[in-house]
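Working notes for the structure below.
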Amino acid sequence: DRTLVRVRLTGRGVLRTASGVGQYLVGFVVRNTARRARGLRTAARGVGMVSGAYGYVYSEYRRRAS
């Protein structure tokens with residue numbers, strides 16, 4: 001069922017986002033740039049999972065309509 005898949009993906013995305021934010025904050029406190037960057041990447045992936053669960057597709061190299 002589509003709704004169940006959306007709920008699962010949303011839950012996973014929210015957990016991944018929260019995990020990434022936590023990693024970022026730990027990196028900030030201990031002044032570790034690599035950990036902060038990893039945390040941001042993980043959080044961005046989580047946000048992408050949530051937005052993808054609802055059908056949003058980002059086309060990075062598409063041409064703009066003129």
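The shown structure was predicted, so the numbers you read here are calculated from the model rather than taken from an experiment.
- The stretch residues 32-46 participates, sequence neighbours left out, in no side-chain hydrogen bond (donor to acceptor under 3.5 Å, both in side chains) pair at all.
- Side-chain N or O atoms of T17 include one that pairs as donor or acceptor with a backbone N or O of G13 at under 3.5 Å.
- Under a 4.5 Å side-chain heavy-atom cut-off, the cluster of Ile, Leu, Val, Met, Phe, Trp and Tyr residues that includes L4 has no other member.
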Pairs of donor and acceptor atoms involving the side chains of residues 5-12, under 3.5 Å and at least two apart or interchain, shall be tabulated with distances.
unit_1 : atom_1 : unit_2 : atom_2 : d
R6     : NE     : A53    : O      : 2.8
T10    : OG1    : R6     : O      : 2.7
T10    : OG1    : Y54    : OH     : 3.0

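- Nearest heavy atoms, V50 versus V14: CG2-N, 3.8 Å.
- Apart from L25 itself, the hydrophobic cluster it occupies contains V21, Y24, F28, L40, where clustering links Ile, Leu, Val, Met, Phe, Trp and Tyr at side-chain heavy-atom distances under 4.5 Å.
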